[in-house]
Amino acid sequence: MSTSAPAPLMPPAPPVREDRPALSGDRRAPAAARRATARLLARAGWGRQRTADAVLIVSELVTNAVRHAPGPCRLTLTERAGVLDIAVADTGEELPQRWTHAGERGGFGLVLIERLGGRLTVVPALGGKTVRVRLDRRAESGGPPSGRAGERPR
């Protein structure tokens, strides 16, 4: 008879929450993306401020996809163990760039994502690209570049 010790119990894998909302590819897409993000993070137990940060990032990414790429875009939201992976795929081949002088109509996206603690990667593909941002629920954000969302810098 063998008297080996019982194998240690492995903790259960953290739940994975995922959403792939259908986006129209027009000006209604950012609002649908914001709602889907807020719902997913509410189910995952994220706090109000960090959810607002994530919603702002998703809105920025989807707005850029609608504005700069022809055709529809796809949003995939995946939350696991307090980390949100945001992926926006579009048909535009132009890669996001950091503007040296942000204009009145834009140019703040990459800075905003960094200030909110997002880690951005871009995956180019034939006929488009996917922009991904990973956001940690526990990270502190530095706030939008101008201090408040929608406020123009002085």
Side-chain angles (χ1 to χ4, degrees), residues 13-139 141-153:
V16 176
R17 291 169 182 87
E18 186 171 272
D19 195 2
R20 296 173 189 253
L23 300 180
S24 59
D26 61 18
R27 62 183 178 85
R28 295 173 297 185
R34 289 189 296 269
R35 287 189 301 271
T37 304
R39 279 193 309 265
L40 179 97
L41 297 181
R43 287 193 317 264
W46 283 44
R48 186 177 305 172
Q49 181 56 52
R50 204 58 177 149
T51 295
D53 294 345
V55 166
L56 185 57
I57 290 171
V58 166
S59 186
E60 177 69 22
L61 295 176
V62 172
T63 298
N64 285 342
V66 169
R67 182 182 289 169
H68 299 294
C73 62
R74 289 184 322 273
L75 171 64
T76 303
L77 301 164
T78 308
E79 197 279 343
R80 172 186 253 160
V83 176
L84 177 65
D85 180 68
I86 304 160
V88 177
D90 65 40
T91 58
E93 293 184 354
E94 185 176 333
L95 302 179
Q97 329 176 19
R98 180 182 304 278
W99 293 10
T100 53
H101 294 91
E104 287 189 29
R105 296 197 54 155
F108 299 104
L110 297 179
V111 173
L112 176 92
I113 290 166
E114 286 176 359
R115 291 254 178 114
L116 295 176
R119 296 177 305 277
L120 180 122
T121 57
V122 180
V123 180
L126 187 60
K129 67 183 167 302
T130 300
V131 180
R132 298 184 84 110
V133 174
R134 289 180 54 89
L135 190 66
D136 189 326
R137 173 173 62 189
R138 291 170 286 284
S141 68
S146 63
R148 287 194 327 218
E151 182 179 285
R152 287 183 36 197

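Remember, predicted model here, so these are calculated numbers, not experimental data.
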Let's go through I86 and I57 carefully: what are the C-alpha distance in whole Å and the side-chain angles of both, what is the deciding distance for side-chain contact (heavy atoms from CB on, under 4.5 Å) to 0.1 Å, and is it a yes or a no? CA-CA 9 Å; I86 304 160; I57 290 171; 3.9 Å; yes
[atom1]/[X] to [atom2]/[Y] distance, rounded to the nearest 0.5 angstrom?
X    : Y    : atom1 : atom2 : answer
L75  : D90  : CG    : CG    : 12.0 Å
N64  : L110 : CG    : CG    : 8.5 Å
L120 : R134 : CG    : CZ    : 12.5 Å
L84  : T78  : CG    : OG1   : 7.5 Å
I113 : D53  : CD1   : CG    : 12.0 Å
L116 : D136 : CG    : CG    : 13.0 Å

With sequence neighbours excluded, tell me which residues meet side-chain hydrogen bond (donor to acceptor under 3.5 Å, both in side chains) with [X].
X   : value
D85 : R132
E93 : none
R74 : none

Give the minimum heavy-atom separation between W46 and T51, together with the two atoms involved.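 Scanning both residues completely, I find the closest heavy atoms to be CB-OG1, 3.4 Å.
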How close do V88 and A65 get, heavy atom to heavy atom, and via which atoms? CG1-CB, 3.9 Å
Evaluate the criterion side-chain contact (heavy atoms from CB on, under 4.5 Å) for residue pair T63 and R27; output intermediate values, then yes/no. CA-CA 8 Å; T63 298; R27 62 183 178 85; over 6 Å; no
Evaluate T130 against V122 for side-chain contact (heavy atoms from CB on, under 4.5 Å), listing each step before the verdict. CA-CA 6 Å; T130 300; V122 180; over 6 Å; no
Residues in side-chain contact (heavy atoms from CB on, under 4.5 Å) contact with [X], at least two apart in sequence or another chain:
X    : value
P72  : none
S24  : D26, R28, A29
R17  : P15, L40, R43, A44, E79
L126 : none

So V133 and R119, side-chain contact (heavy atoms from CB on, under 4.5 Å) or not? Walk me through it. CA-CA 5 Å; V133 174; R119 296 177 305 277; 6.0 Å; no
Find out whether E18 and L77 are in side-chain contact, i.e. whether some heavy atom of one side chain is under 4.5 Å from a heavy atom of the other.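 Heavy-atom side-chain distance check fails, nothing below 4.5 Å.
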Could you list the donor-acceptor pairs under 3.5 angstrom formed between side-chain atoms of residues 31-39 and any protein atom two or more places apart in sequence or on another chain?
from : atom 1 : to  : atom 2 : distance (Å)
R34  : NH1    : S59 : OG     : 2.8
T37  : OG1    : A33 : O      : 2.8

May I ask you to check whether over 12 heavy atoms, not counting those of R20, lie within 6.0 Å of atom CZ?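 No, the 6.0 Å shell around CZ holds no more than 12 heavy atoms from other groups.
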Ignoring hydrogens and geometry, is there a side-chain-to-backbone donor-acceptor pair from K129 to E94 under 3.5 Å?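 Indeed, once roles are kept as given, a pair shorter than 3.5 Å links the two residues.
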